Amino acid sequence: MSVAPTRTKWGNAKFGTGRVPAAAIAVPGGLVLGAAGGWLAVLAGINGSNPALGFWVFFACIAMPAVALVYLLVVDRNTLIGATERPDDSVESGWYEKAAAGSFTDLILLLGVAATVLAFVPMDFSVDLKLVLPAMIALGFASFGIRYLVLRRKG
């Protein structure tokens, strides 16, 4: 005989047979990851002449996303109020899959055309990969977002 898990607004994490509020794990875990990021910034010398200020800036920037990431990793969806029972069967999941496949096709097509054109141009280009690679990621995000919004509007 199984007992249905109680549903809460923030959900629980499942450890063995017990359950713990997911936030009780996510908040300390995220703060530890934020402190680790700040400490790595100090060790790498990124923060310049004021290591304490650099530590706190990196800690502040990393802690909240780390809390959210840990929460997403530990929360049991079955304990969230209003969570869909089978999210893979939802219409939003179908939009997501179509948008992801379309944006991947867009990136392959754009990169293939650019590589072909650049192969025939007789000039040498020096590019900074620190700028090109984030631009490609941004292009992928934009393609995905536009496709998802169009699919959502179509219904």
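The shown structure was predicted, so the numbers you read here are calculated from the model rather than taken from an experiment.
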Taking all atoms of both residues into account, what is the closest heavy-atom pair of Arg77 and Ala83, and its distance?
-> O-CB, 3.5 Å
Which residue pairs satisfy the ring pair (Phe, Tyr, Trp, His ring centres under 6.0 Å) criterion with at least one member in residues 100-127, sequence neighbours excluded?
-> none
Restricting to pairs with a member in residues 32-60, which pass salt bridge (Lys or Arg N to Asp or Glu O under 4.0 Å), not counting sequence neighbours?
-> none
Side-chain donor or acceptor of Arg19 paired with backbone N/O of Lys14 under 3.5 Å | no
Would you please name every residue forming a side chain to side chain contact (heavy atoms under 4.5 Å, CB included) with Pro21, sequence neighbours left out?
-> Asn12, Ala24
Where at least one partner belongs to residues 24-48, residue pairs that pass salt bridge (Lys or Arg N to Asp or Glu O under 4.0 Å), sequence neighbours excluded = none
Grouping ILVMFWY residues whenever side-chain heavy atoms fall under 4.5 Å, the cluster of Phe141 otherwise contains Ile137
Checking Tyr71 side chain against Gly30 main chain: does a donor-acceptor pair fall under 3.5 Å?
-> no
Those residues at least two apart in sequence (or on a different chain) that pass salt bridge (Lys or Arg N to Asp or Glu O under 4.0 Å) with Arg153 are none
Indicate if Val32 and Leu43 have the same hydrophobic cluster label, given that clusters are the connected sets of ILVMFWY residues with side-chain heavy-atom separations under 4.5 angstrom.
-> no
Can you list every pair that meets side-chain hydrogen bond (donor to acceptor under 3.5 Å, both in side chains) and has a residue in residues 130-145, with sequence neighbours left out?
-> Asp106-Ser143
For the hydrophobic clusters of this structure (ILVMFWY residues joined by side-chain heavy atoms under 4.5 Å, transitively), does one cluster hold both Leu33 and Val75?
-> no
Drop me the distance from Asp124's CG to Leu118's CG, to the nearest 0.5 angstrom.
-> 11.0 Å
Salt bridge (Lys or Arg N to Asp or Glu O under 4.0 Å) involving Asp89 - partner list, sequence neighbours excluded = Arg86
Val74: side chain to side chain contact (heavy atoms under 4.5 Å, CB included) partners, not counting sequence neighbours | Ala13, Ala22, Ile25, Val70
Neighbour count >12 (heavy atoms, 6.0 Å) for atom OH, Tyr148 | yes
In chain order, what residues pass the side chain to side chain contact (heavy atoms under 4.5 Å, CB included) check against Glu97, with sequence neighbours excluded?
-> Ser93
Closest heavy-atom pair and its distance - Phe144, Ser103 | N-CB, 3.6 Å
Residue pairs passing the ring pair (Phe, Tyr, Trp, His ring centres under 6.0 Å) test where at least one lies in residues 33-58, sequence neighbours excluded = Trp56-Phe59
Which atom pair, heavy atoms only, marks the closest approach of Lys9 to Ile81?
-> N-CD1, 3.7 Å
With sequence neighbours excluded, what pairs up with Leu107 under the side chain to side chain contact (heavy atoms under 4.5 Å, CB included) test?
-> Met136, Leu139
